[in-house]
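Have a look at the structure below before the remarks.
This one's a predicted model, so the numbers in the text were calculated from it and none came from an experiment.
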Amino acid sequence: MFLGLGILALLGGAILGGVFDAGPTAEASPSATPLVATSTPEPTSPEPSVAATPTTTAAPSAIPSGAEPTFPDGFLARAEACDDEPSGSTCDDSGAVNSGEPWILVSFRHGKPTDVIGIAIVDSSGAVQDTASLSLAFCQTNTDCPGYTYDRFGPLDPGTYEARVTRNGTAAATTSFRVE
């Protein structure tokens with residue numbers, strides 16, 4: 001059973017890797033550290049809605065890194081900066097210090113198909129430098145959907161930044177990184 005799920009997850013990752021060759025990646029499959037104890041359905045054709053454009057709108061509220069809130073329905077998200085494109089749900093190289101084009105990996109559990117995950121890159125003055133979003137519609141009827149998404153941001157000027165993650169506009173996770 002577990003071997004079959006592992007093979008299914010690898011095939012799903014390979015298919016999604018081909019679909020999202022140069023764009024964001026989203027997958028609803030168990031990771032190396034399972035997000036839930038039960039298996040999840042394989043996404044059939046996720047169609048993420050991604051818009052990575054500079055903006056001057058107000059930044060989403062910050063929450064202390066490592067103090068990600070759990071929502072009343074159990075939704076939980078974790079953000080991580082990666083120097084290179086993540087391998088599935090993990091960063092191979094930390095992006096805590098990077099050259100200005102970090103990948104931001106967001107792992108989540110207990111997502112709903114109506115949820116939208118947002119990522120805003122905010123500089124030390126609080127100005128939004130870049131944004132992206134992903135609809136969890138690929139979760140289809142799974143109202144307890146685990147998964148992850150990632151996107152590349154930049155180029156960013158040298159300085160200190162935060163990646164602020166939201167779920168339907170509400171602060172869900174944050175991570176800090178520095179561009180040298």
Side-chain angles (χ1 to χ4, degrees), residues 8-36 40-53 55 60 63 65 68-71 73-95 98 101-122 128-140 142-154 161-177:
L8 182 62
L10 287 173
L11 289 174
I15 291 168
L16 287 173
V19 170
F20 298 109
D21 186 37
T25 298
E27 188 169 317
S29 65
S31 66
T33 55
L35 297 172
V36 293
T40 58
E42 179 181 355
T44 54
S45 61
E47 295 185 22
S49 165
V50 176
T53 56
T55 181
I63 54 176
S65 185
E68 288 77 10
T70 300
F71 288 72
D73 64 356
F75 179 86
L76 182 65
R78 184 180 58 99
E80 185 176 358
C82 307
D83 197 30
D84 294 317
E85 184 173 359
S87 295
S89 63
T90 60
C91 285
D92 291 330
D93 297 308
S94 172
N98 63 72
E101 294 189 18
W103 292 84
I104 303 299
L105 169 66
V106 178
S107 302
F108 60 89
R109 61 181 171 188
H110 306 297
K112 311 256 181 290
T114 55
D115 289 341
V116 175
I117 303 293
I119 305 171
I121 305 300
V122 181
V128 175
Q129 298 298 310
D130 212 346
T131 62
S133 64
L134 173 73
S135 166
L136 298 189
F138 67 87
C139 292
Q140 298 176 354
N142 185 358
T143 58
D144 194 25
C145 184
Y148 60 90
T149 184
Y150 53 82
D151 205 354
R152 188 172 198 175
F153 295 89
Y161 295 85
E162 279 188 338
R164 296 182 183 173
V165 177
T166 59
R167 175 201 189 202
N168 304 326
T170 301
T174 189
T175 190
S176 298
F177 60 91

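If you run side-chain contact (heavy atoms from CB on, under 4.5 Å) between Arg164 and each of Val128, Thr131, Val122, only Val122 comes through.
Ring geometry for Tyr150 against Tyr148 counts as parallel: the plane angle stays under 30°, on a 0 to 90° scale with 60° as the upper cut.
Heavy atoms only, all atoms of each residue included: Pro113 and Gln140 are closest at CG-O, 2.6 Å. The minimum heavy-atom distance between Ala132 and Asp151, with the atom names listed, is CB-OD2, 3.3 Å. In terms of heavy-atom proximity, Thr175 sits nearest to Ala81 at CG2-N, 3.9 Å. Contact detail for Ser94 and Asp83: the closest heavy-atom pair is O-CB, 3.4 Å. Nearest heavy atoms, Ser89 versus Arg78: O-NH2, 4.5 Å. In terms of heavy atoms, Ala77 sits closest to Val106 at CB-CG1, 4.4 Å.
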Carefully, step by step, assess Leu136 and Phe108 under the rule side-chain contact (heavy atoms from CB on, under 4.5 Å). CA-CA 11 Å; Leu136 298 189; Phe108 60 89; 3.7 Å; yes
Would you check, one step at a time, whether the test salt bridge (charged side-chain N to carboxylate O under 4.0 Å, His left out) holds for Arg152 with Glu101? CA-CA 6 Å; Arg152 188 172 198 175; Glu101 294 189 18; 3.5 Å; yes
Dump the intermediate steps for side-chain contact (heavy atoms from CB on, under 4.5 Å) on Asp84 and Asp93, then the final yes or no. CA-CA 6 Å; Asp84 294 317; Asp93 297 308; 2.6 Å; yes
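Put simply, CZ on Arg167 and CG on Leu76 are 10.5 Å apart, with the number rounded to the nearest 0.5 Å. How far CD1 of Ile119 is from CD1 of Ile104: 7.0 Å, rounded to the nearest 0.5 Å.
A donor-acceptor pair under 3.5 Å links the side-chain atoms of Asn168 to the main chain of Val116, judged by distance alone. A donor-acceptor pair is defined here as one N or O able to donate and one able to accept, closer than 3.5 Å; such a pair exists between the side chain of Asp115 and the backbone of Lys112. Checking side-chain atoms of Thr174 against main-chain N and O of Ala163 turns up a donor-acceptor pair under 3.5 Å.
With contacts defined as side-chain heavy-atom distances shorter than 4.5 Å, the pair Phe75/Ile117 qualifies. By the 4.5 Å heavy-atom criterion applied to side chains, Ile121 and Phe177 are counted as neighbours.
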